[in-house]
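First the structure, in the form of structure tokens, and then the observations on it.
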Amino acid sequence: MTEIIAADFYNREVVTVARDLLGLRLVRRWQGQRLSGVIIETEAYRGEDDLACHAHRGQTKRNAVMYGPPGHAYIYFTYGMHWCLNCVTGPAGYPAAVLIRALLPVEGLEQIAAHRAGVKPALWCAGPARLTRALAIDGALNGCDLTSPPGDLWIESAALPATAEIVTGPRVGINYAPEPWRSMEWNFKLVEVHP
DNA sequence: CGCCCGATGTGCT
DNA sequence: GCACATCGGGCGT
């Protein structure tokens, strides 16, 4: 029994949404088939005050989707070659989003393997840019609505394994940010998951 | 294993 | 110019 996660789920405090996304299933419809994985790592970026958030210098063409309504995909390009996927949260006008950092691949393993040729299976979706490549997610999907089917990208409910445990920690790759932002424990991981 | 570094576009200083 | 919410290859241990 699965349901597409609706907009009111995303229209909440970004840190809460980041934690609650753990254990849900990210689904990509690609060439008529489902590619999916359980979300096992997320990170919250919270408003213009958060100096690690892309919105910290105000709205630009690049981060505009973050200022839009909740439940949409903010997908940005970085380091000249990588795409990263975020879910916009909170009310329109308030820039906040959850970065999806890792998945446990579940469906479409053959296609995922093809997208990640030469990579060990354990690393297929272990990292924000790795998972977008595995599920064929790029800038063409930036701004798309994750909540209104039929779409090409959405998140579904899923049963949380009884053995799963949530581990919090500081966000990854933002050492340039000053305190207190650098140390905010807005990274969430699900450990001991067995799908 | 771990560390170093190159790839390579975009937005900001 | 430079920094960046990154990754993967190369080489040393």
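Predicted model only: the values in this text are computed from it and were never measured. Labels below follow one simple rule: chain letters A, B, ... track the order of the sequence lines, proteins then strands, and each chain is numbered from 1.
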| Can you check whether A:Arg101 has a side-chain N or O nearer than 4.0 Å to OP1 or OP2 of C:dT6? | yes

| note | All heavy atoms of A:Ile5 vs all of A:Thr147, minimum pair found to be O-CG2, 3.6 Å

| How are the rings of A:Trp83 and A:Phe77 set relative to one another: parallel (under 30°), tilted (30 to 60°) or perpendicular (over 60°)? | tilted

| Looking only at atom types and distance, does a side-chain atom of A:His72 sit under 3.5 Å from a main-chain N or O of A:Gly143, one as donor and one as acceptor? | yes

| field | Distance test, side-chain N/O of A:Arg116 to OP1/OP2 of C:dG8, below 4.0 Å | value | yes

| field | Joint cluster assignment, A:Leu131 & A:Tyr79, ILVMFWY side-chain distance < 4.5 Å | value | no

| Whole-Å distance separating the CG atom of A:Leu131 from the C1' atom of C:dA5 | 13 Å

| task | For A:Leu99, report the nucleic acid contact type (base, sugar-phosphate, nothing); a contact means any heavy atom under 4.0 Å. | result | base

| query | Which word best sums up how the rings of A:His54 and A:Tyr74 line up, parallel for under 30°, tilted for 30 to 60°, or perpendicular for over 60°? | reply | perpendicular

| request: Round to a whole Å and report the spacing from NE2 of A:His54 to P of C:dA5. | output: 5 Å

| query | In whole angstroms, how far is the C1' atom of C:dA5 from the CD1 atom of A:Ile137? | reply | 16 Å

| task | Starting from C1' on C:dA5, measure out to CZ on A:Arg57 and report it in whole angstrom. | result | 13 Å

| message | To the closest 0.5 Å, what do you measure between CD (A:Glu179) and CG (A:Leu51)? | response | 11.0 Å

| Gap between atoms OH and C1', on A:Tyr45 and C:dC4 respectively (whole Å) | 11 Å

| request: Round to a whole Å and report the spacing from CG of A:Asp138 to P of B:dG9. | output: 15 Å

| task | Before giving the answer on side chain to side chain donor-acceptor pair (under 3.5 Å), spell out for A:Thr168 and A:Glu185 the whole-Å C-alpha distance, their side-chain angles and the decisive distance to 0.1 Å. | result | CA-CA 6 Å; A:Thr168 68; A:Glu185 300 220 334; 3.2 Å; yes

| query | Within 45° of the ring axis of A:Tyr10 and under 6.0 Å from its six-membered ring centre, is that where the NZ or CZ of A:Arg12 lies? | reply | no

| query | Given Watson-Crick or G-U pairs with both distances under 3.5 Å, what dot-bracket string fits DNA chain C, with | for other-strand pairs and [ ] for crossing? | reply | ||||.|||||||.

| field | Comparing A:Met66 and A:Arg130 on DNA chain C - which has the more 5′ nearest nucleotide | value | A:Met66

| Distance in angstrom units between A:Leu51 CG and B:dT13 C1', rounded | 16 Å

| task | Specify the residues of residues 72-91 of chain A, ordered by number, for which at least one heavy atom lies under 4.0 angstrom from an atom of DNA chain B. | result | A:Phe77, A:Tyr79, A:Gly80, A:Met81

| task | Grab the OH-P distance between A:Tyr176 and C:dC2 for me, whole Å please. | result | 19 Å

| query | Is the NZ or CZ atom of A:Arg46 positioned over A:Tyr94's six-membered ring, under 6.0 angstrom from the centre and within 45° of the axis? | reply | no

| request: Would you classify A:Arg171 as touching base, sugar-phosphate or nothing, given that sugar-phosphate means primed atoms plus P, OP1 and OP2, and contacts are heavy atoms under 4.0 Å? | output: nothing

| task | Among C:dG8, C:dT6, B:dT13, find the nucleotide with the atom closest to the side chain of A:Ala129. | result | C:dT6

